[in-house]
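Notes follow once the structure below has been shown.
In this text, all values refer to a predicted model and were calculated from it rather than measured experimentally.
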Amino acid sequence: MYNYKSAINTVLIACTLVILIAVSVFSAESEWTAEFKKDVKWMQLTPTGHLIVGSDEGLFSIDPSDGTILWKDENLKGMKEELFEIIPLTQYAVINKSKGFMGGLNKLTVIDYVSGKEKWNSDNLDIHTSAGQFIIPEKKALFLLGQGASGRPWPRLVNLEDGALIWGNKDFFKKRNPQMFKLSKFKLTIVGNQNPLVDTDETMITCMNGKAIRKWDLNTGQMIWETELKELKKASPALNFGYAPFQLETDKSVVYIPAVKSLYAVSTKDGSLVWGKKPAKLDGMPYQVELLDQGILVKGGPNSLGKDGKPYMMLLDPATGEHKWKKKFDKLKRSTGFVIKDNSAYVYSDKNIYKIDIATGTYEECAKKIKFEGKETPNSLRITDEGFSLTSSQNVMMVGFDGTIKFHTYHKAPGSSLFSKIASTAIMTAINVGSAADGISRAQRSSTGSASYSLMTSNPYMSKRFKATKSADKYMYILGNLKSDNEKGPGIAKVNKLTGKTENMIILKDKKPVYEVDNIESKIFYIKDKKKIICYSL
C-alpha cells in the first residue's frame with residue numbers, strides 16, 4: 001500500500017532542504033585581532049565573557065568587545081592552563097604562583113580576572129598547592145582542599161572576598177579519603193565529585209568518596225552526623241562518573257543519594273534512612289533524577305564502563321521508595337535524557353520520540369523513523385513552541401507535535417583531528433555559554449532569590465550575560481566542512497535551532513584549529529599562526 005503520509009513527509013523534508021540551500025550565506029569577517037610576541041599556549045573564556053590567554057610571554061586578559069589587552073602578568077609566563085581555575089558564579093580565579101628560591105615553593109593566589117588585581121593569597125593559610133575547590137554561595141565562601149608544610153591535604157573554608165580562614169579541619173577526610181580526578185599529568189582535583197549540598201544556612205552535606213555521606217557545621221567544620229551506605233562502597237556517586245546530582249526535597253528534610261543500582265533517601269536532620277535499611281532498587285546507575293508531584297522520576301542504565309545495568313525509566317514513591325508504575329519503561333536504546341511538559345515525560349530513543357504519562361507509566365509514540373546523517377543519533381531533546389528540537393554535533397532537527405519533520409539541517413564533520421581538537425574546547429563545555437557553563441547552569445536551575453542566583457546576578461558582567469542566555473539558546477554552532485557563497489573549507493556554522501537556517505558561518509581553512517565559542521555573544525575566538533587571536537562575530 002502506498003504510504004501517503006510518508007510521501008508527504010519526504011516532500012516536506014526536500015522542500016525544507018531546498019530552501020536552506022537557496023539562502024545566501026557569506027563567511028563572516030573578522031572583528032578584531034590581538035597579536036602576541038610569543039606563542040599562545042591556551043585561552044579560556046570566562047563567565048564574564050573576558051578572554052584569558054596564557055603564553056610564554058605572560059598571562060593576559062582581553063576585552064572581548066575590541067581585543068584590547070586589559071592587563072598582563074609577566075610573572076605567570078608559561079603557566080599551565082590547569083593552574084588557572086575559575087571560581088564558578090564569580091569573576092575570580094585561583095592560580096598558582098611560585099615564590100622562594102628558584103620557585104621552590106608555591107602559593108595560591110585568588111585574582112579578579114577582570115581587573116587583574118590580587119584579591120588574596122594563601123600566605124596565612126599554610127597552603128602551598130591545592131587540589132580543587134567548591135564555592136559555597138550561601139556563605140560566600142570557598143571550600144578549598146589545600147596541602148601545606150605537613151604534606152597532607154586537608155580542607156579549609158575561607159571567605160571568598162578576603163581569604164580569611166573560617167575553619168580548617170585536618171580530620172575532615174579521616175578514614176574517608178576523597179575521590180580524586182586527574183586534571184593533568186601532575187595535578188589532581190576533588191572537582192567532579194558531588195558538589196557540597198547546603199541544606200540550611202548553617203550546614204552542608206558532602207559525599208566525596210564511595211563509603212558514606214556526612215553533614216557538617218558550616219561555621220565550625222565539625223561533623224554533625226555520618227551515614228554509611230552499603231551500595232556506595234561499590235563506587236563513588238561522583239558526577240564525573242555519570243551519576244545524577246543529589247536532589248533535596250522541597251522542604252529540605254530529605255536528600256536523595258544515587259548509588260550503583262539504587263537510590264537512597266536520607267533524613268537531613270539525623271542521617272537516618274527514610275525507606276528503612278534498604279534503598280530503592282533500580283536496574284542500573286541513575287543518570288537523571290527529578291522530583292515531581294507524581295513521585296521521583298529516575299532514568300538510568302549501565303555504568304560508565306557499559307556494564308552492570310540496563311536502560312530504564314521508573315517512578316518511585318517518595319514516602320516508601322516503592323515502584324509506582326506497573327511496568328518500567330525500557331525502550332531506551334541510544335536515548336536522550338527525558339524532558340517534562342505538563343504531566344508527561346518525553347524521551348528520544350532508537351529513532352522514535354515517546355510520550356510517557358508520569359502518573360501511570362503508559363506511553364505512546366509521538367514520532368517515528370527519525371534519522372540523523374553522519375551515523376549520528378540525537379544527544380539532546382528539547383520541547384519548543386514549534387515542536388521537538390533534536391540535536392547532535394552535526395545535526396539539527398525539528399519534529400512537529402504531529403510527528404512530521406519540519407526541517408533537518410546537517411553539516412558534515414571535518415577530519416577526526418579537527419573534530420577532536422574542537423571537541424575539547426567547544427562541545428565538552430556545552431558549546432561554551434562562555435566557559436561559564438557551570439555557573440550559569442547552576443543559576444538557571446536555582447530559583448530566584450537563591451544564593452547561587454543572587455551571587456551571579458549581583459555581578460554586572462555576569463548578570464548581563466545571564467539575561468542573554470535564553471536568546472543564545474536559539475542557536476547551535478556546528479563544526480564542519482562548510483561552503484559559503486565565496487569560499488569553502490573547515491569552519492563553524494551558526495544554525496538557528498528554531499528554523500534550521502544556517503544564518504552565518506566562518507571558514508577557517510585550518511585543519512587543526514584551536515578556538516573558543518562564546519554562545520552568548522555569538523563570537524568565535526581563533527588562534528592564528530600561534531601568535532594571533534582573531535575574533536569573528538557570527
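Sparse packing is recorded around OH of Tyr363, with 12 or fewer heavy atoms of other residues, nucleotides or ligands lying under 6.0 Å away.
The NZ atom of Lys501 sits 10.5 Å away from the NZ atom of Lys494 when rounded to the nearest 0.5 Å. Phe181 CZ to Thr189 OG1: the interatomic distance, rounded to the nearest 0.5 Å, is 9.0 Å. Considering OH of Tyr92 and OG1 of Thr48, their distance stands at 11.5 Å, rounded to 0.5 Å. Within the model, atoms OG1 of Thr384 and CG of Asp473 stand 10.5 Å from one another, a figure rounded to the nearest 0.5 Å.
Here the two rings, on Phe388 and Tyr348, have centers that are 6.0 Å apart or farther. When ring centroids are compared, Phe60 and Tyr113 stay outside the 6.0 Å threshold.
A salt bridge between Glu516 and Lys523 is absent, with no side-chain N of the basic residue lying under 4.0 Å from a carboxylate O of the acidic one. With salt bridges taken as basic N to acidic carboxylate O contacts below 4.0 Å, none links Lys464 and Glu521. The existence of a salt bridge linking Glu373 and Lys412 is excluded, since no basic side-chain nitrogen approaches an acidic carboxylate oxygen closer than 4.0 Å. Using a 4.0 Å cut-off between charged nitrogen and carboxylate oxygen, Lys531 and Asp39 count as a salt-bridge pair. Here Asp56 does not pair with Lys530 in a salt bridge; the nearest charged N to carboxylate O distance is not below 4.0 Å. A salt bridge is defined here as a Lys NZ or Arg NE, NH1 or NH2 lying under 4.0 Å from an Asp or Glu carboxylate O, and Lys77 with Glu74 fails to meet this definition. Between Asp350 and Lys331 there is no salt bridge, since no side-chain nitrogen of the basic residue lies less than 4.0 Å from a carboxylate oxygen of the acidic one.
No hydrogens or angles considered: nothing links the side chains of Ser344 and Asp342 as a donor-acceptor pair under 3.5 Å. A donor-acceptor contact closer than 3.5 angstrom is absent between the side chains of Tyr461 and Thr46. A donor and an acceptor atom, one from each side chain of Gln179 and Asn193, are nowhere located under 3.5 Å apart.
Considering all non-hydrogen atoms of both residues, Tyr515 and Met43 come closest at CA-CE, 3.4 Å. The two atoms that bring Gly309 and Pro302 nearest to each other are O-CG, 3.3 Å, heavy atoms only.
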Item to check | Test log, rule side-chain contact (heavy atoms from CB on, under 4.5 Å), inputs Asn379 and Thr336 | outcome: CA-CA 5 Å; Asn379 54 34; Thr336 63; 5.7 Å; no
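Put simply, the side chain of Ser55 never gets that close to the backbone of Lys38: no donor and acceptor are under 3.5 Å apart.
The aromatic rings of Phe329 and Tyr354 stand perpendicular to each other, their planes meeting at an angle above 60°, with 30° marking the opposite boundary.
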